[in-house]
Amino acid sequence: MSRMDVSHILDGLNNAQREAVTAAPGPMLVLAGAGSGKTRVLVHRMAWMIEVEGVSPFSLMAVTFTNKASKEMRGRVEQLQGSSPHGMWVGTFHGIAHRLLRAHWKEADLPQQFQILDSDDQYRMIRRVLKGLELDEARWVPRQIQGFINARKDEGQRPQHVDAGSDPIRQQLVSIYAAYEAACKRAGVIDFAELLLRSLELVRDNDELRNHYRNRFQHILVDEFQDTNTIQYAWIRLLSADKHGRGAQLFVVGDDDQAIYGWRGAKVENILTFQHDFPNSLVVRLEQNYRSTGNILNAANGLIAHNEDRMGKSLWTDGVDGNLIQLYAAFNEHDEARYIIDRITEHVSNGNPRADIAILYRSNVQSRVFEEKLMQQGIPYRVYGGLRFFERAEIRDALNYLRLVNNRNDDPSFERVVNQPTRGIGNKTLDAVRNTARLADISMWQASLQLIENGDLTARAQNALEGFLKLIIQLNEDTKPLELFEQTEHIIHASGLIDHYAKEKGEKAEARVENLQELVSAAKGFEFEPEDGEEMEPLTAFLTHAALEAGEGQADAWEDCIQLMTLHSAKGLEFPLVFMCGMEEGLFPHQRSAEEEGRLQEERRLCYVGITRAREQLVLSYAEHRRLYGKEIYPMPSSFISQIPAQYIDEIRPKAQASSYSNNYRTASNVTKSALGNETGFSLGQRVLHQKFGEGIVLNYEGQGKSARVEVNFDQAGSKWLVLNYANLQPI
DNA sequence: CTTGCAACACTTTTT
DNA sequence: GTGTTGCAAG
């Protein structure tokens with residue numbers, strides 16, 4: 001090999017990173033701690049392969065879990081390389097699986113224009129199947145069935161593979177699974193799990209194709225390897241090099257300490273399996289952290305050390321120790337929010353951007369209090385999660401019209417839009433259609449035609465149904481010559497969808513109309529970029545895009561605002577100032593995870609993920625009293641707090657005096673409020689009304705008799721000390 | 001087919 | 001406490 005300048009690839013890498021990037025081709029496991037520069041390693045590894053090893057980008061594949069991650073990876077490769085290397089496959093597992101299935105739809109036994117069923121479509125489909133089987137939804141809960149089917153698929157099991165034994169419930173589940181598969185096939189649709197399973201079967205059962213791709217891909221890089229499920233790993237494994245070196249070299253990067261998706265089928269064990277499957281694999285640990293202060297890292301290390309079955313890793317930094325982690329014991333969730341927002345206000349008034357600040361919580365309900373108070377104070381914030389653009393009802397309606405116009409046998413779409421807007425096709429008519437479809441094993445469209453032809457319906461129903469069929473046929477004719485965005489525009493108008501929403505009142509309806517218009521813009525701006533030999537109808541490409549990339553959450557115009565999100569959504573992100581709230585037993589670790597040791601360990605990893613999001617300052621908080629789902633609870637502080645070595649924690653108490661009370665309070669969590677016993681007649685956390693200041697919450701009290709005072713945090717006026725004798729507080 | 005009311009449940013989320 | 005869903009009446 002001639003000497004070449006590789007400094008741009010290697011400069012700035014530490015020893016471990018360098019070892020990973022420059023390792024000779026061969027199976028490789030990189031255990032990358034939080035903030036240790038794993039994306040960097042992946043990207044530089046690709047550059048190394050291309051520039052130094054002389055591997056063609058055509059022979060590289062890089063797989064991620066999210067679109068965001070794959071976009072970032074692609075962007076950074078371009079940045080490093082100066083241009084986008086062509087022929088390289090960078091994408092999500094689902095994206096790449098989809099690509100394979102489009103290319104080999106015949107071999108995969110799919111219709112050429114197959115559509116993707118997202119979770120919501122899938123749920124509806126399952127309910128239809130249950131109806132068809134005349135099963136009671138109360139007994140056969142669709143959500144559970146959906147979970148069952150997806151879990152089977154994630155394990156690689158078809159209905160015939162599931163061993164139901166003599167368990168009648170399980171046998172029934174399997175037959176529902178089979179009926180669901182048949183329905184999907186009839187409609188020409190496949191769900192998310194099916195994308196993966198089908199492409200696994202494709203390369204597993206088709207020698208020619210498998211050999212083709214094994215010849216093509218010399219290197220496969222996998223991000224977030226700890227999140228892979230059974231079939232994702234099996235799929236990579238199929239393409240990987242055998243003992244003769246034929247196939248791809250695997251370069252997998254992951255962190256067992258950040259495995260937080262076990263509940264959705266991810267198998268951390270794949271890390272161990274990998275080492276077993278590739279005994280000659282090289283293992284590199286990235287432990288130097290470039291994100292957080294020493295104290296934060298030590299806290300994280302201390303906590304995660306309580307987990308068993310770890311690969312073992314310890315983060316360190318050559319940076320400063322920084323501040324201690326602060327712990328605030330709040331009286332209740334309002335006090336917790338008040339404290340955090342006070343801190344935020346202070347931080348921002350020191351000239352820091354709001355976007356530097358994140359409030360992290362275990363479950364979405366917790367965002368409410370913060371939202372209320374932030375809104376009240378006019379502080380801009382953004383809540384992650386929630387419905388995304390392509391998941392909104394009106395958008396799904398429109399897309400389903402597009403789908404149905406494109407493929408009349410698409411039953412899920414038929415069902416969704418047949419009476420949206422209402423056009424007199426009620427349940428009775430639909431039941432007839434469903435029954436006919438089921439009995440004759442035909443689509444609802446065909447069944448409708450048959451019913452009309454045979455005159456099996458009442459005149460009214462027949463008219464309405466015929467009207468709908470004609471509408472779809474008309475839409476199809478009218479939109480044939482049009483561009484995608486014109487098709488979209490025509491369909492939302494001619495179907496009556498947009499009028500339907502325009503007639504509804506309220507802000508919500510207005511937003512829906514706007515969203516529909518936005519959909520037209522999205523279609524206009526949508527450009528399908530085919531890569532080596534990919535072919536897709538613009539409409540199919542657009543629908544695929546909608547299913548595979550549901551769009552941004554609250555895609556507000558970028559504004560400098562406080563970031564609110566669950567701990568799960570925070571994975572992969574970082575913020576200078578992080579608040580982790582609701583650090584309480586039952587909330588975090590969550591009640592439902594408490595019973596099993598394995599699930600508890602996953603909660604602990606989630607806590608570890610949260611801690612390692614913080615760059616400079618981490619603030620933990622818990623409430624001694626919380627209103628949750630309309631019930632009063634008096635939780636214990638999270639066990640995770642005590643599992644962080646005490647020397648890294650700085651306890652901030654509202655008032656020393658109050659804390660001793662509240663400590664008693666906590667240990668006697670089942671004792672009633674009156675047991676608090678003080679002379680003020682008010683209890684901590686109680687809501688009170690003041691003539692001038694309005695409503696507030698009792699935070700603290702001191703003194704006795706005439707001099708007794710209470711501290712009240714008023715919703716509007718803020719925190720004040722009041723002498724009880726004069727204040728005339730009313731309990732609420 | 002729409003409206004109203006009662007029952008219900010209530011981690012975490014990407015594709 | 002809130003939002004969604006199912007069922008029955010209008």
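Contact check of residues 578-611 of chain A against DNA chain B (heavy atom, cut-off under 4.0 Å) returns A/H590, A/R592, A/S593, A/R599, A/E603.
Side-chain N/O atoms of A/N270 and A/Q232 include no donor and acceptor closer than 3.5 Å.
In this view, A/S367 and A/E371 satisfy the side-chain hydrogen bond (donor to acceptor under 3.5 Å, both in side chains) rule, not counting sequence neighbours. Not counting sequence neighbours, A/R613 has no partner by the salt bridge (charged side-chain N to carboxylate O under 4.0 Å, His left out) test. The salt bridge (charged side-chain N to carboxylate O under 4.0 Å, His left out) check on A/E72 picks up A/R76, with sequence neighbours excluded. Take A/S363 and apply the side-chain hydrogen bond (donor to acceptor under 3.5 Å, both in side chains) test, not counting sequence neighbours, and it matches no residue. Here A/D257 pairs with A/R310, A/K313 under the side-chain hydrogen bond (donor to acceptor under 3.5 Å, both in side chains) rule; sequence neighbours left out. Residues passing the side-chain hydrogen bond (donor to acceptor under 3.5 Å, both in side chains) test with A/S70: none are found, sequence neighbours excluded.
Here A/R626 pairs with A/E584 in a salt bridge; the nearest charged N to carboxylate O distance falls below 4.0 Å. Between A/D431 and A/K428 there is no salt bridge, since no side-chain N of the basic residue sits under 4.0 Å from a carboxylate O of the acidic one.
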Symbol by symbol from the 5' end, with Watson-Crick or G-U pairs under 3.5 Å, [ ] crossing and | another strand, DNA chain C is ||||||||||
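Nucleic acid contact class of A/D118 (heavy atoms, under 4.0 Å, all strands): none.
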Each nucleotide of nucleotides 3-10 of chain C classed B (base within 4.0 Å of a protein heavy atom), S (only sugar-phosphate) or -, in 5' to 3' order, makes ---S----
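For DNA chain B, the contact window with chain A, defined by any atom under 4.0 Å from a protein heavy atom, covers B/dC1 to B/dT15 in 5' to 3' order.
Look at the C1' atom in both C/dG6 and B/dT11: the space between them is 24 Å, to the nearest Å.
Screening residues 117-153 of chain A for ring-ring contact (aromatic ring centres under 6.0 Å, His included), with sequence neighbours left out, gives no hits. Residue pairs satisfying the salt bridge (charged side-chain N to carboxylate O under 4.0 Å, His left out) criterion with at least one member in residues 137-151 of chain A, sequence neighbours excluded, are listed as follows: A/R127-A/E137.
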